[in-house]
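Notes follow once the structure below has been shown.
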There are 2 protein chains.
Amino acid sequence: MARERKFSTDELYRAVKQLLLEHGYDNFTISLLAEQLDVSRGTIYKYFENKEELLTEFMVREMDLFLLELKKVEAKRGFVAQFDYILELVFENTDFHQILSMASLIPAHLTKKALSNKKRLEQQHFEMYRLLADVIRLGKEEKKLKEHLPDSVILGFIFQVIAIPNYFGVPKPQWVASIKEILMHGMFEQDN
Amino acid sequence: MARERKFSTDELYRAVKQLLLEHGYDNFTISLLAEQLDVSRGTIYKYFENKEELLTEFMVREMDLFLLELKKVEAKRGFVAQFDYILELVFENTDFHQILSMASLIPAHLTKKALSNKKRLEQQHFEMYRLLADVIRLGKEEKKLKEHLPDSVILGFIFQVIAIPNYFGVPKPQWVASIKEILMHGMFEQDN
DNA sequence: CACTAAAGTGACAGTAGTGTCACTTTAGAA
DNA sequence: TTCTAAAGTGACACTACTGTCACTTTAGTG
């Protein structure tokens, strides 16, 4: 009944992701995306009213995928297993962290659809926080995590840690092990 | 012999800083700066050939000011005093960290002056690394820092830590103390 | 085979930036 | 007072986006 599409929805979102990571939020353009998908700019506007709608739609989708994986943490028994699972997840999704940090760059004034996407994204943010806060609560209940540390500092650390630049190319296993050790027991020798 | 200037060099750089922090590297414009200084755009081009020259000049200047403070670390006796000094410096200069992170957004193709500024900035980066690496070396020599942790992970942590967002407005003294404790001894209870 | 409707196109108007330059203004020197 | 040169101006040409829309293309239907 209609002409064949030149790209699938999946290809589109994969291209958006690549371009966002490569050029950053502010330098992402519809021209760049159209070029990547080998179509004209006009075509993109058949699927999205404007750039912000496209980008917020993309972010909601990414967040959904990540939350799906993160929810599996509830099935893990005991704080230590949950902690390990989260760190592994975080290190397997360094892209996601970069994308997430772009959420704050979404402009304030938006069209209806983009605005509702933004609201949804805030809900997802909150859901993510709820899941992680549960893990921290368990850690404190099990007397594994230091009671007096504010939850938000603990959360902040876990998420900020993956943004540490590996300038000198420390091999990944050593890199991850080192970061995990500092998070758990610090960089100072015990007897100090 | 000449007309009176409408702004001092210091006012100019203060305006640049404010606008960079407020709008980010990509959304910094000469129009915005001119407006802030209450002059026309053309005036700015009397002092700088182009935007990148202005911004690299600004960054070199900021870096110089920071290095001046950082160098004082060499006068501190013993690793613990040096460590404390650095953390204090870092938390007193959260702006600087934001500015520093923009260095990676400077485009690759630049005019002569901007390019030489960029090179200078890289030297300063290196100088900063050298100073910090010395502190870490001392920490390991004094058996205060864990020998097996790569220097770059330790450095990365210290610098990334100040970017942790204080969403829930934990009071600053508690915030800083918590972060310092995690860095030194981790978020896990000792007996685990 | 002709019709339909989704898919795709490219020219268009609008906006917002950059860097340039001939010109105007003005403080101080001669 | 006149002259000079630095300081400042605003119009100009250019570039690179955004979002729109009348039009073309094409796979499948009747």
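Just so it is clear, the structure is predicted and the values come from calculations on it, not from any experiment. We name chains A, B, ... by the order of the sequence lines, and we start the count at 1 in each one.
For dA7(D), the OP1/OP2 oxygens have no side-chain nitrogen or oxygen of T43(B) closer than 4.0 Å. Using a 4.0 Å cut-off, no side-chain N or O of K46(B) falls inside it from OP1 or OP2 of dG8(D). Contact between the side-chain N/O atoms of Y45(A) and the OP1/OP2 oxygens of dT9(C) is not found at any separation under 4.0 Å. The shortest distance between the side-chain N/O atoms of K51(B) and the OP1/OP2 oxygens of dG17(C) is not below 4.0 Å.
For dG19(D), the base has a donor-acceptor partner in the side chain of R41(A) [N/O atoms by modelled type, under 3.5 angstrom].
By the 4.0 Å N-to-carboxylate-O rule, R137(B) lies close enough to D134(B) to be salt-bridged with it. Using a cutoff of 4.0 Å between basic side-chain nitrogens and carboxylate oxygens, D84(B) and K180(B) are scored as salt-bridged.
Nucleotide dG19(C) holds its P atom 11 Å from the CG atom of L110(B), rounded to whole Å. Y47(A) has its OH atom 18 Å from the P atom of dG19(D), to the nearest Å. Whole-Å rounding puts the E49(B) CD to dT20(C) C1' distance at 12 Å. Going from atom CD of E35(B) over to atom C1' of dG10(D) covers 16 Å, rounded to whole Å. At whole-Å resolution of the value, CZ in F48(B) and P in dT20(C) are 15 Å apart. Distance D26(B) CG to dT18(C) P: 12 Å, rounded to the nearest Å. To the nearest angstrom, C1' of dT25(D) lies 4 Å from CZ of R3(A). Rounded to whole Å, atom C1' of dT20(C) lies 15 Å from atom CD of E53(B).
Side-chain proximity of R5(B) to dT18(C), dG8(C), dA7(D): nearest is dA7(D). Looking at the side chain of S40(A), the nearest of the listed nucleotides dG8(D), dT9(C), dA7(C) is dT9(C). Which of dG8(C), dG8(D), dG19(C) sits closest to the side chain of K6(A) comes down to dG8(C). For S31(A), counting side-chain heavy atoms from C-beta on, the closest listed nucleotide (dT9(C), dT25(D), dC17(D)) is dC17(D).
For F7(A) and Y47(A), the ring centers are positioned less than 6.0 Å apart.
The local environment of CD in E4(B) is sparse, with at most 12 non-hydrogen atoms from other residues, nucleotides or ligands closer than 6.0 Å.
If E52(B) and D38(A) are placed on DNA chain C by their nearest nucleotide, the residue sitting closer to the 5' end is D38(A).
Using a 4.0 Å heavy-atom distance criterion, T29(A) is classed as a sugar-phosphate-only contact.
No hydrogens or angles considered: nothing links the side chains of N117(A) and E53(A) as a donor-acceptor pair under 3.5 Å.
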